[in-house]
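For reference, the structure discussed in these notes is given below.
Counting begins at 1 with the first residue of the sequence.
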Amino acid sequence: AGEIMPDDRKRSGDTRFAYTLSHLQQAPSLNMAFGYNIRYASDNDYFRHFGDRRAIADGANLLREGWANWHSPFGFFTVKAQRYKTMQDSKALVDEPYARLPQLTWNYGIGLPAGVEANFYAEYNQFSHGQQVVNGGLNARQDGKRLTFYPSLSLPLQASYGFITPKVGLHYTEYWLSAQNAPAQGETGNYSRALPVASVDAGLVFERDTAYFGRAFLQTLEPRAFYTYTPYRDQSMLPVYDTAANDFNFATIYTENAFGGHDRISDNNLLTLGATTRLLDPSSGAEAARFGVAQRLRFKDQRVTLPGGSVVDERISDVLMGATVNWD
């Protein structure tokens with residue numbers, strides 16, 4: 001997809017254009033898939049001149065990536081090369097994301113005796129950044145390499161009336177920080193971090209036959225408790241390549257880490273309590289409605305933060321509520 005203005009008379013007759021290229025190729029016989037996504041625009045002002053507010057927001061960083069994955073007997077492998085073209089606004093400079101050249105990931109799960117499940121996750125990234133200092137506005141960013149290895153053991157115990165899953169893991173990360181673009185106060189050399197992570201996820205399922213608005217339903221009540229513990233480690237010397245704080249929603253409130261990415265592993269001693277009720281069609285099992293509520297209880301302060309962040313000292317989080325209704 002693309003668009004072009006061959007002669008923009010308000011821009012000295014410049015040819016202005018934008019395009020998107022994407023491809024997905026499946027190779028089932030080889031258990032492989034590969035593809036690419038490429039976005040480009042001719043100049044920094046293109047989306048501000050020819051797009052709406054959504055186009056301006058989506059066009060701040062234009063993704064350019066190619067990837068391939070392979071599902072093998074030894075796990076799921078992915079290789080990716082990724083870079084962004086940042087459309088700068090001189091009045092509001094945008095920080096360009098780091099390029100991953102390359103990113104390699106491996107994920108492998110295997111069942112062990114007594115119902116124990118072992119999972120191995122490894123990821124290697126080589127981060128580079130082309131951001132230069134512009135009138136003192138943006139600092140250059142430090143290049144580096146990061147290796148992450150996260151093995152874990154879990155014991156899923158499931159029954160018709162509920163489940164409980166204890167889990168333990170070790171999150172290990174190694175950094176090789178380059179002197180290229182290193183800030184004056186920054187660090188170079190090798191750094192490593194090893195953190196044990198433990199959690200217990202448990203829930204019950206109650207059911208009853210009921211009717212609403214003249215329609216029969218199977219209604220569930222599903223209370224859930226999730227506890228996680230991770231000790232504190234000072235991580236302030238580590239760079240932030242691809243990490244941000246998680247949003248507060250149902251997808252993240254039952255997770256082990258308060259951050260997305262591997263540059264920060266939050267210290268945790270917290271319990272999440274929640275409940276969900278669903279209305280199911282008794283003949284097909286289709287979900288007609290879902291209502292949920294959850295709240296997080298923190299037993300100690302979270303001291304690990306992103307640069308410029310403050311310690312999280314709230315003991316009780318806001319109450320999170322959500323609903324989904326399918327009319328048909």
Side-chain angles (χ1 to χ4, degrees), residues 19-41 58-87 94-109 119-132 138-152 169-183 186-194 235 237-244 257 259-265 306:
Y19 62 81
T20 299
L21 303 174
S22 62
H23 183 73
L24 169 63
Q25 183 73 41
Q26 302 278 5
S29 60
L30 301 176
N31 292 324
M32 293 185 66
F34 57 89
Y36 56 80
N37 296 288
I38 300 173
R39 295 185 66 198
Y40 191 82
D58 291 345
N61 289 296
L62 303 183
L63 175 64
R64 295 177 289 175
E65 68 175 4
W67 55 269
N69 60 48
W70 177 41
H71 194 198
S72 77
F74 307 102
F76 188 78
F77 296 88
T78 300
V79 57
K80 178 186 293 185
Q82 183 182 79
R83 182 183 288 278
Y84 291 86
K85 176 177 173 59
T86 299
M87 313 303 287
V94 177
D95 190 12
E96 177 183 332
Y98 280 90
R100 295 180 173 97
L101 299 171
Q103 180 188 59
L104 308 173
T105 61
W106 171 61
N107 201 335
Y108 178 63
N119 186 264
F120 303 90
Y121 178 83
E123 179 182 297
Y124 172 80
N125 285 276
Q126 182 167 307
F127 294 102
S128 62
H129 202 286
Q131 193 85 60
Q132 301 297 321
L138 288 175
N139 294 323
R141 297 295 187 249
Q142 188 174 18
D143 297 349
K145 304 172 185 177
R146 186 187 70 200
L147 174 66
T148 300
F149 186 52
Y150 182 31
S152 63
L170 179 66
H171 200 292
Y172 178 80
T173 310
E174 182 88 16
Y175 287 86
W176 296 269
L177 303 183
S178 170
Q180 179 71 27
N181 289 342
E187 303 288 348
T188 61
N190 297 3
Y191 293 88
S192 63
R193 175 194 59 200
Q235 302 166 47
M237 79 294 293
L238 301 179
V240 178
Y241 286 130
D242 59 359
T243 296
N257 191 10
F259 304 100
H262 302 295
D263 297 314
R264 294 292 184 272
I265 305 299
L306 292 170

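F120 CZ to F74 CZ: the interatomic distance, rounded to the nearest 0.5 Å, is 14.5 Å. Atom OH in Y84 sits 10.5 Å away from atom CD in E96 (nearest 0.5 Å). Here CG of L104 is found 9.5 Å from CD of Q126. Values are rounded to the nearest 0.5 Å. The distance from atom NZ of K80 to atom CG of L101, rounded to the nearest 0.5 Å, is 12.0 Å. Note that CG of L63 and NZ of K85 are 13.5 Å apart. Values are rounded to the nearest 0.5 Å. The structure places CZ of F259 at 4.5 Å from CG of L306, a figure rounded to the nearest 0.5 Å.
You'll find the side chain of L238 reaches within 4.5 Å of the side chain of R264, heavy atoms only. Counting heavy atoms from C-beta outward, D143 and H129 have side chains that approach closer than 4.5 Å. A 4.5 Å side-chain heavy-atom check between S178 and Q142 finds every atom pair outside the cut-off. Side-chain atoms of P97 and Q82, non-hydrogen and from C-beta on, never get closer than 4.5 Å to each other.
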Tell me which donor-acceptor pairs under 3.5 Å the side chains of residues 23-39 have, and how far apart each pair is, sequence neighbours excluded?
residue	atom	partner	partner atom	Å
H23	NE2	Q25	OE1	3.2
N37	ND2	E65	OE2	3.1
R39	NH1	D58	O	3.1

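Listed by chain and number, the residues in a ring pair (Phe, Tyr, Trp, His ring centres under 6.0 Å) with Y19 are Y40 (sequence neighbours excluded). For N69, there are no side-chain hydrogen bond (donor to acceptor under 3.5 Å, both in side chains) partners at least two apart in sequence or on another chain. Listed by chain and number, the residues in a side chain to side chain contact (heavy atoms under 4.5 Å, CB included) with A41 are A18, Y46, F47, L62, M87 (sequence neighbours excluded). Judged as a ring pair (Phe, Tyr, Trp, His ring centres under 6.0 Å), and not counting sequence neighbours, Y108 has no contacts. For the ring pair (Phe, Tyr, Trp, His ring centres under 6.0 Å) test, no residue two or more places apart in sequence or in another chain qualifies with W176. Among residues two or more places apart in sequence or in another chain, the salt bridge (Lys or Arg N to Asp or Glu O under 4.0 Å) test is passed with R146 by E123, D242, D263. Y150 is linked by a ring pair (Phe, Tyr, Trp, His ring centres under 6.0 Å) to H171, counting only residues two or more places apart in sequence or in another chain. Shown here are the side chain to side chain contact (heavy atoms under 4.5 Å, CB included) partners of N107, two or more places apart in sequence or in another chain: N119, Y121. Shown here are the side-chain hydrogen bond (donor to acceptor under 3.5 Å, both in side chains) partners of R193, two or more places apart in sequence or in another chain: T173, Q235. With sequence neighbours left out, the side-chain hydrogen bond (donor to acceptor under 3.5 Å, both in side chains) criterion links Q103 to N125.
Scanning both residues, Y175 and H262, for their nearest heavy atoms gives OH-O, 3.7 Å. The two atoms that bring V240 and Y98 nearest to each other are O-CE1, 3.7 Å, heavy atoms only. Closest approach of S192 to Y172, counting heavy atoms only: CB-OH, 3.6 Å.
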